[in-house]
S.K.: 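My questions will all concern the structure given below.
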2 protein chains.
Amino acid sequence: MKIINKVIQSTNMEFENISEHIGKRITLHGSIYKIRKMSGFAFVLLRTKRQVIQCVYSEEFSDFKLELLKEESCVKLTAEVIKEERSKTGWDLQMIEVEVISEPEAESPIVINNKMVDTSLENLLDYRPITLRNEKERAIFKLQEGICIGFRRFLTEQKFTEIRSPKIVSAGAEGGANIFHLDYFGKDAYLSQSPQFYKQMMVGVYERVFEIAPVFRAEKHDTSRHLNEYTSVDFEMGYIESFEDIMGMEVRMLGYALAELKERYVYELDLLKVSLPDVSAIPSIKFMEAKELISNKYNRTIKDYEDFEPEEEKLLSEIIKKEYGSEFVFVTHYPTSKRPFYALEDPNNNEETLSFDLLFRGLEITTGGQRIHDYKKQLAKMKRLNMNARLFESYLMMHKYGMPPHGGLGLGLERFTSKLLNQDNVRLATLFPRDINRVTP
Amino acid sequence: MKIINKVIQSTNMEFENISEHIGKRITLHGSIYKIRKMSGFAFVLLRTKRQVIQCVYSEEFSDFKLELLKEESCVKLTAEVIKEERSKTGWDLQMIEVEVISEPEAESPIVINNKMVDTSLENLLDYRPITLRNEKERAIFKLQEGICIGFRRFLTEQKFTEIRSPKIVSAGAEGGANIFHLDYFGKDAYLSQSPQFYKQMMVGVYERVFEIAPVFRAEKHDTSRHLNEYTSVDFEMGYIESFEDIMGMEVRMLGYALAELKERYVYELDLLKVSLPDVSAIPSIKFMEAKELISNKYNRTIKDYEDFEPEEEKLLSEIIKKEYGSEFVFVTHYPTSKRPFYALEDPNNNEETLSFDLLFRGLEITTGGQRIHDYKKQLAKMKRLNMNARLFESYLMMHKYGMPPHGGLGLGLERFTSKLLNQDNVRLATLFPRDINRVTP
C-alpha cells in the first residue's frame, strides 16, 4: 500500500521571485508563446500561469537548436538570470537547456500571440479555448477573479454567510416568460432566474447571506448587454433601517474589490491599461427626477414613464460624471408597476418602491431594494396583483413565521467587469458566453 | 442629489466581544429563539447571525413585560453585561429594554427550537425555510461555508485561478443518458454534468484552475447518496509528472480546509460534536488489489470486476481504518472500460487508467485522474470507442493546438460535508436538495 502525503512541489516563479536569483540558474515551465527572431539571437516568450516571461536564446549560451521550439509547445527550461540594467525587470533570462514536454499537432488558425487577437467577435468566441491564451484575453478573467475575491472577502468580513441555492426550481422569482423550461423526470421545472426567494429565506436563518452563482434568463434580446446565462453576485441582509443601508453596503463592497485589484492585480491592470474608477461615494437620484433631468438637459421628450431607455442610462451617467465626478450613479424609487411583487413600497407613496438600480458608465449593473417582510402585507399585494399565493407557499413560510426588515441586491458580474474594462460588449467579459445564438464552445 | 457613502454600521456582537463589556450596557438584535420560563425569571435565547445568546429576563431589572416577547419575533434589546463566574461565558446578560421590530403571523407547525428538529426527513425538507433556523441545522451549512473558504484559500495560494464555466452546454462531458435536456430557443441544449471540458481548456490558459459550482445529473437513483443537483469542487492542473500529483494536492487541500474549521468554526464543531479526521497522509490502493483485499478479508465472491458495490466501499474503509488508522483511502487504476474517454491509460497496461477515487468513511467523495493531452492519442481512443470526434471539435481544439500533461478531480461538497458530520443522508448536508421526487422548496 502506498501512502500519499507528498508535499506540493513549488510552483513556477514570477517576476518578483526571479529577481532574487540574479547570477544563478533557475528552471521554469510553460508554453512557448512567441518566438521573435533577431539577428544572431531570438526572444522567446514563455507563457506561465499568470505572466509572459521573456527569455533570450543565442547559440552562444543556449545548448540546443532554436528549431526545437515551436509556438504553443509546452516546455521546461533552465535559464541563467543575468543582471541587465536596461531591462524593465532588471534582468535577462539566458536560456541554457530546454525539455519539450509536448507539442501541438497543428498551428492555430487564429494568431493569438499578437497584442490583440485581431479577429471578429464570432471567431474570438468560436475559438475560445485558443483565443483565451492571448495574454490580454486571459488578463480579463484574471481581473474578474480578483473582483470576486474582493467581493467575497468583504462580505465575509461583514459577517455574511455564503449560501448555495438550487438552480433547478419549481417557479421563477422574477415571473414572466423569460424562464428556461426543463423536463424534470416527467415533471415541470425551471432554471433559476435569481436566488431571490432563497436568499430571503436564508436571511431568516443567518441574517446576512450572499451567493455568487449562475442565473439563467430566457430573454430573446440579442444585444451587447444581454447574456442568457450570467453570474449574479447576490447579497441580502436583515435588520436594515432603510434601503439605503443596502446601497451603503454596495458602495463599500465595490470599493473593497477595486482596492483588491489595485493591490494584487497590477500586472493585469497595466496590461489592459485599466483606470479604476473612484467609488468612495456614489450620488443617488430618484427615478422620476432622473427622467426629468435627462429630458431637460438634452431636450428629450419622456416616452416611457416607467423605465429607462438604454440611451437615457448613458445620458444620465454623462450628466452625473460631468457634475459630480462619479462614474457610478444610484437611481432610486422605481415605479411599483415595474418592480416584482416582493418589492416594498414607499409608505409615503405606494406608486414608488424603496428600490434602486446602480448604473456604471452608462449601464445598469445592479438591481436591489427593500423587500416586504410582513406576511399580511405581502399577501395583500399578491392579491392586488392577481397572484395565486398558494403557489408560493414555501416562499411565504418565512413571512408567516417571522422575518426582520430586509433587502438586498444582485450585481451582474460580467456587466461590471465589462464596463470596468471599457469593453463594448458584455460577451468579452464572459469566458464562454451563452446567447440566443450560441451554446458552444 | 443625495450622496451614498455611509460607513457600514457595526454588526452584532459575538460572545468574544460581549466579554469586553462587563459592567456596561450593550445592544443586540436578533430573533427570539426560545423563552424558558423559570420561577421568578426567564431565560430568553436570542438567535443572532451565528450564535444563540442567552439573556435573562426578570421583572426586577427588565423594563418590560415578558409577554411582549414571542418566539421568532425580531427584536432589538439593551442588556447589562454582569460578571458571572458560574456561567460558561463568564457573564450573564440582564435584559433591560426591548424593541419588537417584527412579529410572526403564526406559530411554526414544527418545533424548531429544541436541540434537534424532531421530525421526518420529508418534513424537515418541506419546511426548510423554518427548520434551517434550528441552531444545529444552520451550523451544518456554516461548516460547509468554512470548508469552501478553506478550499478556495488553499487553491488560490497554490496559484489556481478561479473560473466560471457555463452550465448550459451543447454536449455532456460524462456521456450517457443521465443528462437534463433543455429547450434552448428551439435548439437542443443540456445542463452541465461537470465542468470537465472547460476546466481542461482553461489549463491551456492558466495552467491551474478551479471552480466550485453546481452540476446536474439526471440519475434516477433514489438513495441516501444521490442528488440530482450538487456542488462540485473541481480543480485541474497542468505540468504534472504523475496522477499522484493530483492526489497529493487533494491531501493538502483537505488538510487545509479541516484546519480552517478547527481554527474558525469551533462554535459549530462543538455544537454538532464533530470530530475532525486526520488527513496528514492517505493510503492508496489499486482497484483490483482492493477488490481482492475485501474479498479475502470478508470471504466475499467478487461479482463485478469493474466497479465497487456500495457495500464494498464501506468494507474497504473499515479495513483501512483498522490497519492504517485512516478514514480516507485512495483507490487507483480503475478499469479503462469504466472511465470516460478522456482518461489516460496506464502505459504498462491499457486496461487500467491513471485515475483514482477518494473514499471517506465508506463513501466515494472524489473522482479524478490524469487526462489524455496528446491529440492523436485522444482521437485514436475516441475512434476505438466509436465516438464521433466531429461533435467534440471545440473540446479537441486544445489538444490540437497544444496542451501540457494534466489532470484534476471533482469532489462532491455535500457528500464530503455529510460524511464529515457522520450523517446518514447527503440531503442533510444540502440547503435545498433536489432529488427525483423533490424540486421544492
Side-chain angles (χ1 to χ4, degrees), chain A residues 1-6 8 11 29 49 72 74 101-102 104-106 108 129-130 132-133 138 145 159 161-162 164 166-168 170 180 182-185 189 201 205-207 214 229 231 239 247-248 251-252 281-285 330 375 394 397-398 400-402 404 432 434 436 439-441, chain B residues 1-6 8 11 29 49 72 74 101-102 104-106 108 129-130 132-133 138 145 159 161-162 164 166-168 170 180-182 184-185 189 201 205-207 214 229 231 239 247-248 251-252 281-285 330 375 394 397-398 400-402 404 432 434 436 439-441:
Chain A
M1 176 116 13
K2 266 197 176 175
I3 303 292
I4 304 289
N5 61 354
K6 195 176 168 184
I8 303 303
T11 61
H29 65 253
K49 280 187 201 67
E72 291 304 311
C74 297
I101 301 173
S102 71
E105 176 68 22
S108 166
I130 309 303
L132 283 168
R133 297 181 182 183
R138 69 176 191 161
E145 173 204 60
K159 314 253 184 206
T161 295
E162 185 169 6
R164 309 176 175 285
K167 304 310 158 206
I168 298 177
S170 58
F180 287 111
L182 196 70
D183 173 17
Y184 193 78
F185 303 115
M201 291 174 194
V205 176
Y206 291 125
E207 188 185 318
E229 174 179 346
T231 305
Y239 297 91
M247 293 153 70
V251 174
R252 300 287 149 197
I282 298 182
S284 170
I285 183 170
F330 282 115
Y375 184 63
S394 64
M397 225 180 256
M398 62 174 160
K400 194 167 177 182
Y401 303 123
F432 299 96
R434 295 296 179 249
I436 190 163
V439 279
T440 54
Chain B
M1 177 121 11
K2 266 198 175 176
I3 303 292
I4 304 291
N5 61 353
K6 194 176 169 184
I8 303 303
T11 61
H29 64 254
K49 280 187 201 67
E72 293 304 311
C74 297
I101 301 174
S102 71
E105 175 68 20
S108 166
I130 309 303
L132 284 167
R133 296 181 183 183
R138 69 176 191 160
E145 173 205 59
K159 315 253 182 205
T161 296
E162 186 170 7
R164 311 179 173 280
K167 305 310 158 206
I168 298 177
S170 57
F180 287 111
H181 175 263
L182 196 70
Y184 194 79
F185 304 114
M201 292 175 194
V205 176
Y206 292 125
E207 188 184 318
E229 174 178 347
T231 306
Y239 297 91
M247 294 153 70
V251 174
R252 300 287 148 199
I282 298 182
S284 169
I285 183 170
F330 282 116
Y375 182 64
S394 64
M397 224 180 255
M398 62 175 160
K400 193 166 177 183
Y401 303 123
F432 299 96
R434 294 297 179 247
I436 189 163
V439 280
T440 53

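Atom set for the values below is all heavy atoms of this structure, side chains included, hydrogens, waters and symmetry mates excluded. Below, chains carry the letters A, B, ... as their sequence lines are ordered, and counting in each starts from 1.
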S.K.: What part of A:Y206 gets closer than 4.5 Å to chain B, counting heavy atoms only: side chain, backbone, both or neither?
M.R.: both
S.K.: Could you check whether any side-chain heavy atom of B:P404 comes within less than 4.5 Å of a side-chain heavy atom of A:I101, counting everything from C-beta outward?
M.R.: no
S.K.: Between A:E145, A:M247, A:M398, which residue shows the highest count of heavy-atom pairs closer than 4.5 Å to chain B?
M.R.: A:E145
S.K.: Give, as side chain, backbone, both or neither, the part of A:Y375 having an atom under 4.5 angstrom from any heavy atom of chain B.
M.R.: side chain
S.K.: For the residue pair B:I282 and B:F330, what are the closest heavy atoms and their distance?
M.R.: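 Smallest heavy-atom distance, with atoms named: CG2-CD1, 3.5 Å.
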S.K.: Could I get the full list of salt bridge (Lys or Arg N to Asp or Glu O under 4.0 Å) partners for B:E105, not counting sequence neighbours?
M.R.: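 Here the qualifying residues are A:K376.
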S.K.: Contact part of B:T161 toward chain A, heavy-atom cut-off under 4.5 Å: side chain, backbone, both or neither?
M.R.: both
S.K.: Quick one: of A:P214, A:S394, A:P166, A:P129, who has the most non-hydrogen atom pairs under 4.5 Å with chain B?
M.R.: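 The candidate making the most pairs under 4.5 Å is A:P166.
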S.K.: Counting only N and O atoms by type, is there a donor-acceptor contact under 3.5 Å from the side chain of A:R164 to the main-chain atoms of B:T231?
M.R.: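 Pair absent, no side-chain N/O of A:R164 close to backbone of B:T231.
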S.K.: Under a 4.5 Å cutoff for heavy-atom pairs, which residue among A:D183, A:V251, A:I130 has the most contacts with chain B?
M.R.: A:I130
S.K.: Highest number of heavy-atom pairs under 4.5 Å with chain A: which of B:K159, B:R434, B:H181?
M.R.: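 The candidate making the most pairs under 4.5 Å is B:R434.
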S.K.: Who among B:A281, B:S170, B:S102, B:A106 has the most heavy-atom pairs with chain A under 4.5 Å?
M.R.: B:A106
S.K.: Considering only heavy atoms, which portion of B:F432 lies under 4.5 Å from any heavy atom of chain A: side chain, backbone, both, or neither?
M.R.: both
S.K.: Among B:V439, B:I4, B:V205, which has the most heavy-atom pairs under 4.5 Å with chain A?
M.R.: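 If we count pairs closer than 4.5 Å to chain A, B:I4 comes out on top.
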S.K.: Just so I understand: if I count every heavy-atom pair under 4.5 Å between each of A:K2, A:E72, A:M201 and chain B, which residue has the most?
M.R.: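 Counting heavy-atom pairs under 4.5 Å, the top option is A:K2.
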S.K.: Check ring pair (Phe, Tyr, Trp, His ring centres under 6.0 Å) between B:Y184 and all other residues, then give those that pass, not counting sequence neighbours.
M.R.: A:F180
S.K.: What part of A:E229 lies closer than 4.5 angstrom to a heavy atom of chain B: side chain, backbone, both or neither?
M.R.: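 Contact with chain B is through the side chain of A:E229 alone.
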S.K.: Any side-chain heavy-atom pair from B:N5 and A:R252 closer than 4.5 angstrom?
M.R.: yes
